[in-house]
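See structure below.
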Amino acid sequence: MIIQTENKTIGIMGAMPEEIAGVLELMTEVTEHQIGMRIYHQGKINNTNVVLVFSRWGKVAAASTVTTLINLFKINQLIFTGVAGAINDKLNIGDIVIGEKFYQHDMDARPFIKQFEIPMLDIDHFEADFGLITDAYEKLKDAIENNLLYDNAHPTYTSILQNQQVHIGDIASGDQFISNETTRKNLIKHFPDLFCVEMEGAAVAQVCFEFNIPFITIRVISDGANSNAPIDFADFVKHVASKISKNIIKMLIV
Ligand code: ADE
């Protein structure tokens, strides 16, 4: 079954239903396809063919979703938007991280291969598409300078978001919500240049690498991956996530 064969089709994934709901508001000519416990929203944003889907949480959920986007919907580019926990101390809640290198921090097939190395691939990380990274950086920097990302922000976040920055940096993914200082410090020990942590990016990156699909991941910092993370995360998702994902996609697909 091939559902999409048109020229350029961008897959858009998010790990929170709130984010998907926001992006859906941008789409026209929408049709829905239910496949393997996911709903794929096919349509257009500004005349570009897109397929939008809520991936659910974790590496397996994300990997299986992007595989369907590639094989059934024939996407030739992938954008993942979502939230992440800060690892680098210079990040604040609301900052944006465009992922550069992606590590699977829970991959460990020792003693056969080195910790974090991906079996059979002989590498320990995947890289997002350089052209997509630079394009997104310019567009998001411009959007922040012109206050376009957080129009009508929830009052709790108005001042936080006034100092928002966009960064390009490394991301680690694993099937774990990081919410304690010991785990956070351990990640820094292994990945000194890490910017943030989430649960899907490096799995999506592996599938895109294996199918040669250019991808980009854009994460907004929702928490500090510390003991306050569960509260900060829930609050951020409730008040900010849907708007920010929508506005990021609006900036990128013009
Ligand atoms: N996504 C958002 N915050 C996170 C955290 N602290 N750990 C893992 N994934 C996250």
Side-chain angles (χ1 to χ4, degrees), residues 12-23 53-63 65-66 79-108 116 125-126 128 149-150 154 156-157 160-161 164-167 169-191 193-206 215-246 248:
I12 305 171
M13 290 172 64
M16 304 297 296
E18 292 84 349
E19 294 158 1
I20 298 307
V23 178
V53 57
F54 163 41
S55 68
R56 304 190 176 186
W57 292 14
K59 298 196 338 280
V60 174
T65 307
V66 70
I79 304 174
F80 196 114
T81 66
V83 293
I87 296 292
N88 186 311
D89 284 336
K90 71 175 171 219
L91 293 174
N92 295 307
I93 287 180
D95 279 358
I96 295 179
V97 177
I98 303 173
E100 188 171 23
K101 294 191 182 115
F102 292 82
Y103 297 88
Q104 294 181 12
H105 69 74
D106 53 359
M107 176 59 77
D108 190 354
F116 310 123
H125 70 272
F126 303 95
L149 286 187
Y150 286 108
H154 188 274
T156 322
Y157 289 95
I160 295 175
L161 298 174
Q164 192 192 21
Q165 309 270 344
V166 57
H167 308 265
D170 298 348
I171 295 180
S173 315
D175 289 323
Q176 203 180 357
F177 185 83
I178 309 295
S179 58
N180 71 75
E181 214 36 63
T182 313
T183 317
R184 191 173 172 275
K185 290 221 166 87
N186 201 31
L187 281 169
I188 296 171
K189 195 179 99 199
H190 286 297
F191 306 101
D193 296 331
L194 204 59
F195 268 63
C196 60
V197 69
E198 35 84 312
M199 299 175 67
E200 299 83 19
V204 168
Q206 179 172 350
F215 76 95
I216 187 171
T217 291
I218 297 174
R219 292 284 183 170
V220 188
I221 299 301
S222 57
D223 59 81
N226 51 22
S227 57
N228 216 40
I231 295 166
D232 290 343
F233 170 85
D235 210 59
F236 192 86
V237 167
K238 187 166 156 206
H239 295 305
V240 189
S242 72
K243 270 191 195 146
I244 181 75
S245 287
K246 176 180 173 180
I248 286 173

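In each ligand, atom 1 is the first atom listed, and ligand 1 is the first ligand listed.
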Practice prompt. Check for a donor-acceptor pair, side chain of Asp95 on one end and backbone N or O of Gln165 on the other, with a separation under 3.5 Å.
Written response: yes
Discussion item. Taking side chain to side chain donor-acceptor pair (under 3.5 Å) as the criterion, tell me which of Gln104, Glu200, Glu198, His105 meets it with Ser173.
Written reply: Glu198
Worksheet item: Below 4.0 angstrom, N of the basic side chain to O of the carboxylate: do Arg184 and Asp89 qualify?
Response: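 Yes, this pair counts.
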Discussion item. Contact between Asp235 and His239 at the side-chain level, heavy atoms closer than 4.5 Å - yes or no?
Written reply: yes
Worksheet item: So do Asp223 and Phe236 actually touch side chain to side chain, heavy atoms under 4.5 Å?
Response: no
Discussion item. Students should find this: residues with any non-hydrogen atom under 4.0 Å from ligand 1. What is the answer?
Written reply: Val83, Ala84, Gly85, Gln176, Phe177, Ile178, Val197, Glu198, Met199, Ser222, Asp223, Ala225, Phe233
Discussion item. Test of understanding: with salt bridge (charged side-chain N to carboxylate O under 4.0 Å, His left out), list the residues that count as partners of Asp193, not counting sequence neighbours.
Written reply: none
